[in-house]
Amino acid sequence: MTCDVRGRAVLVTGGASGIGRAAAERLADEGARVVVADRNAEGAQAVAAALARRGRTAIAAGVDVGSPGEAADVVTRTHRELGGIDVLVHAAGICPRRTVLEMSDEEWREVMRVNLDGTFYVTREVGRVMAAQRSGTMILVTSDRGVNGSADYAHYAASKGGMIALTKSLALALGAHGVTVNAINPGITDTPLARTAVTAWEEKRALDVLGSYSRPEEIAETVLFLAGAAGRYTTGQIIGTRMRYGA
């Protein structure tokens, strides 16, 4: 069993921070060639530049995954510059705090546009590439809120629940083409996004059975497993990385 990803062409969305950044760094450090894509183009460039200074192969790309045209463009660019796409790590997403009773139509639609529509646009385009080359691995970053729901983040929970269903559907649709599709389904992870969304009261409630939040670097180890040969025959799975009290 091996997690060797040397030379593999990898597209990471949401790569400027959090789980996406940790995944991009871990895969690049193991020899993968990585496109770091993010709506924060300057942040993506900073991550790619830092990796390049360490002798890694990394390219930055700005992308709004909720735009079908931009999603298609970043996939086309990755395929052109890296000669294919062996691994997709889709970590892009937003998580604004709003209860259902307070939520506007526009707020609901924006979360769905970025989180769920964006996942569809990116995986559709990457799926076409991988099906044509008869190989590939997709790794989607979902959330335990997609399973358990959330009082203050119903739009986020619904979008992540949709991603979980899409993961299983993609695995069924693409398996015959040699493509595996899995989701990593963490609890609250210590990322910039989570820090803007979690209140002090929730911090105590959200502690998992190990007594701490997940760290992006821990999630990146699961990404590495799925991206390498060790995860070759794992597909259609929703991998929860932590268990929380009361979950």
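Because only heavy atoms are used, hydrogens play no part in the values below, and waters and symmetry mates are left out as well, while side chains stay in. All values derive from a computational prediction rather than experimental measurement.
For Asp38 against Gly15, the heavy-atom pair with the smallest separation is OD2-N, 3.3 Å. The shortest heavy-atom contact between Gly20 and Val12 is O-CG1, 3.4 Å. Of all heavy-atom pairs spanning Val36 and Ala16, the tightest one is CG1-N, 4.3 Å. Closest heavy-atom contact between Ala92 and Thr13: N-OG1, 3.4 Å. Scanning all heavy atoms of the two residues, the minimum distance from Thr137 to Ala227 falls at CG2-CA, 4.4 Å. The two residues Tyr121 and Pro68 come nearest to each other via the heavy atoms CE1-CD, 3.6 Å.
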In residues 39-46, what donor-acceptor pairs under 3.5 Å come from side-chain atoms, sequence neighbours left out?
from	atom 1	to	atom 2	distance (Å)
Asn40	OD1	Glu42	N	3.4
Asn40	OD1	Gly43	N	2.9

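With contacts defined as side-chain heavy-atom distances shorter than 4.5 Å, the pair Ile139/Leu88 does not qualify. Looking at Asp117 and Arg109, their side chains come closer than 4.5 Å, going by heavy atoms from C-beta outward. Taking 4.5 Å as the limit, some side-chain heavy atom of Met138 sits within range of a side-chain heavy atom of Met130. With contacts defined as side-chain heavy-atom distances shorter than 4.5 Å, the pair Leu82/Ile59 qualifies. In this structure the side chain of Val87 never reaches within 4.5 angstrom of the side chain of Leu11, judged on heavy atoms.
Counting only N and O atoms by type, the side chains of Thr119 and His90 include a donor and acceptor under 3.5 Å apart. Judged by distance alone, the side chains of Arg97 and Tyr153 do bring a donor and an acceptor atom under 3.5 Å apart. A donor-acceptor contact closer than 3.5 angstrom is absent between the side chains of Thr99 and Asp152.
Distance check, rounded to the nearest 0.5 Å: OG1 of Thr78 to CZ of Arg33 gives 11.0 Å. In this structure, the separation between CZ on Arg145 and OG on Ser150 is 4.0 Å, given to the nearest 0.5 Å. For the atom pair Glu81 CD and Thr76 OG1, the distance stands at 11.0 Å (nearest 0.5 Å). Here the OG1-CZ distance, from Thr123 to Arg128, works out to 10.0 Å after rounding to the nearest 0.5 Å.
In this structure, Gln237 contributes its side chain and Thr235 its backbone to a donor-acceptor pair below 3.5 Å. Distance alone, capped at 3.5 Å, is enough to place a donor-acceptor pair between the Asn182 side chain and the Thr234 backbone. Side chain of His155 to main chain of Met103: no donor-acceptor pair is present (N/O by atom type, distance under 3.5 Å, no hydrogens or angles). The backbone N or O of Val122 lies less than 3.5 Å from no partner atom in the side chain of Glu125, so there is not a single donor-acceptor pair. With hydrogens and angles ignored, the 3.5 Å screen pairs a side-chain donor or acceptor of Asn115 with a backbone N or O of Ile94. Panel note: side chain Asp86, backbone Ala9; a donor-acceptor pair is recorded below 3.5 Å. Lys160 places no side-chain N or O within 3.5 Å of a backbone atom of Leu116 that could act as its donor or acceptor partner. A donor-acceptor contact shorter than 3.5 Å is absent between the side chain of Arg134 and the backbone of Val179. At least one donor-acceptor pair closer than 3.5 Å links the side chain of Glu70 to the backbone N or O of Asp64. Judged purely by atom type and a 3.5 angstrom limit, Thr142 uses its side chain to pair as donor or acceptor with the backbone of Ile184.
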| request: In sequence, state the C-alpha distance, the side-chain angles, and the governing distance for Ser143 and Tyr156, and then conclude on side-chain contact (heavy atoms from CB on, under 4.5 Å). | output: CA-CA 9 Å; Ser143 169; Tyr156 178 78; 3.6 Å; yes
| Checking side-chain contact (heavy atoms from CB on, under 4.5 Å) for the pair Val34/Thr57: CA distance, chi angles, key distance, verdict? | CA-CA 6 Å; Val34 178; Thr57 301; over 6 Å; no
| task | Could you go through the side-chain contact (heavy atoms from CB on, under 4.5 Å) check for Val35 and Val10 one step at a time? | result | CA-CA 6 Å; Val35 169; Val10 180; over 6 Å; no
| field | From CA spacing to verdict: side-chain contact (heavy atoms from CB on, under 4.5 Å), Glu106, Glu110 | value | CA-CA 6 Å; Glu106 292 74 20; Glu110 178 63 5; over 6 Å; no
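Salt bridge status for Asp29 with Arg54: present, with a side-chain N to carboxylate O gap under 4.0 Å. At a threshold of 4.0 Å, the pair Glu221-Arg26 counts as salt-bridged, since one of the basic side-chain nitrogens sits closer than that to a carboxylate oxygen.
Ile239 and Val5 fall within the same hydrophobic cluster, defined by Ile, Leu, Val, Met, Phe, Trp and Tyr side-chain heavy atoms under 4.5 Å apart, directly or through other members. The hydrophobic cluster containing Ile164 does not contain Val111, counting ILVMFWY residues as joined when their side-chain heavy atoms lie under 4.5 angstrom apart, directly or transitively. Follow the hydrophobic side-chain contacts under 4.5 Å out from Trp108 and you reach Met163 in the same cluster.
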